[in-house]
Amino acid sequence: MSLNRVSSLETFAILPTDQRSRRSSDASARARKLSFNPLPQSWDPPTLETVQAVGAFEVPKWKRVLQVTATVIYCLFAAGVVFGYAAIKPVLKKEGAYQDICSAPDDPVGENTCIEIHLNLMFTVAAVATNVAALPIGAILDHYGPRVCGLMGSVFLTIGALLMSFEKQIPFDGLLFGYLFLALGGPFTYISSFQLSNAFPRNSGLILALLTGAFDASSALFLVYRIIYEKSDGSFGHRKFFLGYLVVPLAIVVLQLTLLPAQSYKTVGELVEEIEEPYADPQPYDQVDEHTALLQEEERQHHAEVVSGVQELLGSTKADKQAKREERKNEISGVWGVMHPFSAWEQITSPWFILICLFTVIQMTRINYFVATIRVQYEAILSSHEKAVELNNFFDLALPLGGIISIPFIGVVLDHTRTVTVLVLLVTCATTIGLFGIIPEMWAGYANICLFVLYRPFYYTAVSDYSAKVFGFRTFGTVYGTIICLSGLFNFSQSGLDFLFHKTFNGNPIPVNLMLLSAGLAVGIAMVLFVGIKARTIKRQMLAHEAETAAANQRETGFLTPRWD
C-alpha cells in the first residue's frame, strides 16, 4: 500500500559556494515546489490553463485554521480506508461475500479458498488503483486545483459506498468495483490536501504530519465498524454501514464548495520571489500625468501590503537559514544531486532507478500480500484459529497506530542519516520481518507485526526521499510516479501468490514468504552495494575538487610558493 508521502512541498537548489550571490535567498537559486505531475515538461499540454495560486496572507487566519482542521478530519475518514482490509475481511465473509459463486460442489479449490481468493483480489485491485491513480492526480491538481480533485474524490467515494451497499442487487461484482472506487477516492482527497501545508509555512511540517497521520489512522475505520458489527451480533451489516458512510463524501462536497480553497496556496519560495521581484520602474517625470501617478501609487501601496503580509506570515522574507539547513541535509545524504542534470528518460534507464524500482516492487507486493492474508497465514503457521484471530485483532489496531507513532522519527532519520545507511536499514528491517514471519511462535508473530507497522511508513517515505535527493524535484512526478505505478501494477501477482499458497503448497505460507524474502534480500544487497560504491566515489571526487580549488586560490593570492626546479 502506498500514497505519496512528503516532508516538504518545496526545496532549495543549493548552488556551490563560489556561485552564490550575496543574496543567497535569490529567487534564481530556489527550485520549484515539489510536483506530482507525471508528465515531463516537454510533454505537458500547453493548452491547459493552470489555476493560479493564492498567498496565505490574503486569507484570514481563522479560516485557514478551519481549513486545515476540516481537511485532517475528512482525511481521517476517507484517505486510506481501504487499507483497513484485514479488519473488514472477516465481516464480509460472515455476510456471505462471494458464496453465490464459490458454492459449486465441483469447484477444484474449495468454497473457503475460493472466497479467500476473490476477497484478496478485491483488495489487490484497490491497492493497484490507489498507486496508479496518483499519476493523473498530479496533472489534475496542477491544472485545475485542489477543489476539483476533492470533488472528484467525493464522487468516487459515493459510487464506492453505493456499490458496496447494493452489491447483491447489481448484475456484476459490486464488492470488487465498490472497493475499487473507495480506493480511487482516497488519493484524490489526500494528495490534494498537501497544499494546505503552505497555509501556515512556519508550521508546514506539523500540518503534513497531521495529514499523514490521518491517512494512516483512516485504516482504523473498518476496525471500529467490525467491533460495532460484533457487538450488534451482525445486525449492523455492511449495507447499513456503507449507506451511513455516504455522509463522508457529502461533507467533503459541502466543505469544498464553501470553506476550502479552489486554488493552492503559494509556497514559501513563490512568496519570497513575489516580494523580492521589483515592480516596474516609475515613468520619467515629464511623462507622468494624473492617471499614471495614481496607478503608480496604487502599485506601490499594493507591493508594500504584500511585503507586510508575507513578513507577518513567514516571520522573515529571507531564506538563508533554511537554505543552510537544506545544504547540510544534502551533504549528509552523500548522493544528493547525482542524477539531477539528466533527463527523465536517462534517469529511468539508470541503475539508480532500476534497483530502487525493483526493490519497491518486491516490498510493496510483500506488504500488501501480508495485509491481505495475515489471518490465514497465521492459522497455518500457528495451527490455531484462535491465535490467528488474536494476532489479526492486534494488527488491526497496530496498523494505524504504527503510522502515527513513526512520523516524527522518520523525519529525523532521513534528515540526519546518509542515504546508503537508510537503504541498509530498509533491507535489514525487511529481512528481519521476513524471518519473523516464518517462525511458528506467538512472540514472533507480535514482533513481526510491531516491526511491520513501523517499517511500512518508513519505507514509503524513504523511497520518496531517495527519489527527490537522487533524481531531483524537476522530474519527481515522472520518476517517483513511475516507481509507484510499476509497483502497483505488479501487485496483481498477489493472485498468483494466493494460488501458490493455497494449492501448490497446500495452505503453507512459508515457501511463498521465503521466495519474497530471498528476492528482496538479493535486490536489496545489490542496491546497497551500488549506492555505497557510488557515494564513496562522489565523496572522493568532491574532496579532490575542493583540494584543486584551494590550490588554485592559493596560487591566485600568492600564498603558494612556486617551484622553479
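In what follows, every heavy atom counts, from backbone to side chain, and hydrogens, waters and symmetry copies are set aside. Keep in mind that what you see is a predicted model, and the values were worked out from it rather than measured.
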Closest approach of [X] to [Y] (non-hydrogen atoms, all atoms of both residues):
{"X": "Ser467", "Y": "Ile483", "answer": "OG-CD1, 3.8 Å"}
{"X": "Ser487", "Y": "Cys357", "answer": "OG-O, 4.2 Å"}
{"X": "Ser193", "Y": "Thr71", "answer": "CB-CG2, 3.2 Å"}
{"X": "Ala79", "Y": "Thr189", "answer": "CA-OG1, 4.1 Å"}
{"X": "Ile404", "Y": "Ala217", "answer": "CD1-CB, 3.7 Å"}
{"X": "Lys469", "Y": "His340", "answer": "O-NE2, 2.9 Å"}

* Test applied, side-chain contact (heavy atoms from CB on, under 4.5 Å); reference residue, Leu514; option that passes from Leu516, Ile510, Val512 ->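 Passing option: Ile510.
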Donor-acceptor contact below 3.5 Å, side chain [X] vs main chain [Y]:
{"X": "Arg366", "Y": "Ala430", "result": "yes"}
{"X": "Thr428", "Y": "Val424", "result": "yes"}
{"X": "Ser218", "Y": "Leu76", "result": "no"}
{"X": "Gln256", "Y": "Val148", "result": "no"}
{"X": "Arg64", "Y": "Phe200", "result": "no"}
{"X": "Tyr85", "Y": "Asn120", "result": "yes"}
{"X": "Gln67", "Y": "Leu260", "result": "no"}

To the nearest 0.5 Å, what is the distance between [atom1] ([X]) and [atom2] ([Y])?
{"X": "Tyr179", "Y": "Thr124", "atom1": "OH", "atom2": "OG1", "answer": "11.0 Å"}
{"X": "Leu529", "Y": "Leu355", "atom1": "CG", "atom2": "CG", "answer": "10.0 Å"}
{"X": "Ile449", "Y": "Leu399", "atom1": "CD1", "atom2": "CG", "answer": "10.0 Å"}
{"X": "Phe194", "Y": "Ile207", "atom1": "CZ", "atom2": "CD1", "answer": "13.0 Å"}
{"X": "Thr130", "Y": "Asn491", "atom1": "OG1", "atom2": "CG", "answer": "10.0 Å"}

Report yes if some heavy atom in the side chain of [X] is under 4.5 Å from a heavy atom in the side chain of [Y]; otherwise report no.
{"X": "Thr360", "Y": "Tyr459", "result": "yes"}
{"X": "Ile140", "Y": "Met152", "result": "yes"}
{"X": "Phe123", "Y": "Tyr369", "result": "no"}
{"X": "Phe177", "Y": "Val125", "result": "no"}
{"X": "Leu196", "Y": "Tyr265", "result": "yes"}
{"X": "Phe353", "Y": "Thr482", "result": "yes"}
{"X": "Thr212", "Y": "Tyr190", "result": "yes"}
{"X": "Leu425", "Y": "Phe458", "result": "yes"}

* **Residue pair Thr365, Leu497: steps toward the side chain to side chain contact (heavy atoms under 4.5 Å, CB included) verdict** => CA-CA 10 Å; Thr365 302; Leu497 296 177; 3.9 Å; yes
* Take Tyr455 and Gln363, measure what side chain to side chain contact (heavy atoms under 4.5 Å, CB included) needs, and give me the verdict at the end. => CA-CA 11 Å; Tyr455 170 79; Gln363 295 308 313; 3.4 Å; yes
* **More than 12 heavy atoms from other groups under 6.0 Å of CZ on Phe409** =>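 12 or below, so no.
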* Does CZ in Phe490 sit with more than 12 non-hydrogen atoms of other residues, nucleotides or ligands closer than 6.0 Å? ->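 Result for CZ/Phe490: open.
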* Check the pair Phe359, Val463 against side chain to side chain contact (heavy atoms under 4.5 Å, CB included), reporting the backbone distance first and the verdict last. => CA-CA 10 Å; Phe359 190 66; Val463 173; over 6 Å; no
* Do the ring planes of Phe471 and Tyr466 sit parallel (below 30°), tilted (30 to 60°) or perpendicular (above 60°)? ->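 Perpendicular: the ring planes of Phe471 and Tyr466 meet at over 60°.
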* To do: Could you tell me how the ring of Phe156 sits relative to the ring of Phe188: parallel (under 30°), tilted (30 to 60°) or perpendicular (over 60°)?
  =>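 Judged by the thresholds at 30° and 60°, the geometry between Phe156 and Phe188 is tilted.
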* To do: Evaluate the side chain to side chain contact (heavy atoms under 4.5 Å, CB included) criterion for residues Val361 and Val523: first the C-alpha distance (whole Å), next the side-chain angles of each, then the deciding distance (0.1 Å), finally the verdict.
  => CA-CA 10 Å; Val361 164; Val523 174; over 6 Å; no
* To do: Report the residues that fulfil side chain to side chain contact (heavy atoms under 4.5 Å, CB included) with Ala133, sequence neighbours left out, ordered by chain and then residue number.
  =>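 Ala133: side chain to side chain contact (heavy atoms under 4.5 Å, CB included) contacts with Ile137, Leu184, Pro187.
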* Decide whether Glu346 and Ser343 meet the rule of one side-chain donor and one side-chain acceptor closer than 3.5 Å. =>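 A pair is found: one side chain offers a donor N or O, the other an acceptor, under 3.5 Å apart.
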* To do: Using ring-ring contact (aromatic ring centres under 6.0 Å, His included) as the criterion, list what pairs up with Phe452, not counting sequence neighbours.
  =>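 Partners of Phe452 by the ring-ring contact (aromatic ring centres under 6.0 Å, His included) criterion, ordered by chain and then number, come out as Phe370, Phe395.
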